[in-house]
Amino acid sequence: MKKLSQAIVLASALTAGLAAVQSVNAEVSATASVATEYLWRGQNLSGTSGAPAFSGSLDYAHESGLYAGVWAGSGDAALGTETDLYVGFANEVEGFGYDLGYVTYIYSESAADEFDDAAEFYLGFSYDLAGVKFYKSSDSDVDGLYTLVSLDFDPVGVAIGNTSDVENEYTHIDLSYAYNDNLTFTYSKIVDQSVDFEDGGLDKSGRFVVGYSLPIEL
């Protein structure tokens, strides 16, 4: 479930609008990425096989702050191929940034019978090197809130995430180092959780992930 860092809808509208990008003062960008495993909110979703995760994204951003995009990736051992669609509005006023949006997570047909597609609203704020972002399921029957607090000391980043899921609340810490614009090293560890690993909790051993992202010229 994508970064983060880190939106929905209208993948078809993105494609249809490419020809008109220059005339509406908007920008379309794309990336292709690979990582040694699928690390999501402190969890290794690649499973015991440790399969690498491949992903790509296509994003549309208007000068007004409106954006939309689509992200697709492999690597989720339980649910298969994942596609995220997102839409949002982000801007900055005198150094104070905000980001409001909605993202839906769509999984391959093979997992459809085991897991319903999910969606979340998110709200983020940032100032200088600090940021905080909140994610809440759009399903009123689903409890829990995921909160991510981050500090960017470029090229070093620190993030603390917490999910208040009543079934298994946990906190993780991520330390990252951006070697350059493309290559990033991340160490992630779950430091606290309400359910022990032996009772079905998450693996608290640290994860070291190497990721490489390549912008695509359009």
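For reference, positions follow the sequence shown, starting with 1.
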Backbone N/O of [Y] and side chain of [X]: donor-acceptor pair under 3.5 Å:
X: Lys189; Y: Lys204; value: yes
X: Asp174; Y: Gly42; value: no
X: Ser74; Y: Phe54; value: yes
X: Ser46; Y: Ala51; value: yes
X: Thr184; Y: Gly211; value: no
X: Ser194; Y: Glu169; value: yes
X: Thr171; Y: Ile190; value: no
X: Ser164; Y: Leu145; value: yes
X: Asp128; Y: Ala130; value: no

Atom [atom1] in [X], atom [atom2] in [Y]: separation rounded to 0.5 Å?
X: Glu27; Y: Tyr67; atom1: CD; atom2: OH; value: 15.0 Å
X: Phe125; Y: Asp99; atom1: CZ; atom2: CG; value: 9.5 Å
X: Leu39; Y: Thr186; atom1: CG; atom2: OG1; value: 7.0 Å
X: His172; Y: Thr163; atom1: NE2; atom2: OG1; value: 9.0 Å
X: Thr83; Y: Tyr105; atom1: OG1; atom2: OH; value: 13.0 Å

Exercise for review: Side-chain contact test, heavy atoms from C-beta onward, threshold under 4.5 Å: evaluate it for Tyr98 versus Val93 and give yes or no.
Suggested key: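 Yes. Closest side-chain heavy atoms under 4.5 Å.
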Review point. Can you tell if the side chain of Tyr212 reaches within under 4.5 Å of the side chain of Leu214, non-hydrogen atoms only?
Key: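 Answer yes - side chains close enough.
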**Study point:** Between Tyr170 and Gln43, a side-chain donor and acceptor under 3.5 Å
**Key:**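 A donor-acceptor contact under 3.5 Å links the two side chains.
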Exercise for review: Give a yes-or-no answer on whether the side chains of Asp139 and Ser137 include a donor-acceptor pair shorter than 3.5 Å.
Suggested key: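 Short answer, no.
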Check your understanding: Looking at the rings of Tyr122 and Tyr135, which for Trp means the six-membered one, are their centres under 6.0 Å apart?
Key ->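 Judged by ring-centre distance (under 6.0 Å), Tyr122 and Tyr135 do meet the cut-off.
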Check your understanding: Are Val191 and Val195 connected in a single hydrophobic cluster, I mean Ile/Leu/Val/Met/Phe/Trp/Tyr linked by side-chain heavy atoms less than 4.5 Å apart?
Key ->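 The answer is no; the residues belong to distinct hydrophobic clusters.
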Practice item. Please assess Leu58 against Tyr60 for the test side chain to side chain contact (heavy atoms under 4.5 Å, CB included), listing each intermediate value before the final yes or no. Key: CA-CA 7 Å; Leu58 179 65; Tyr60 167 93; over 6 Å; no
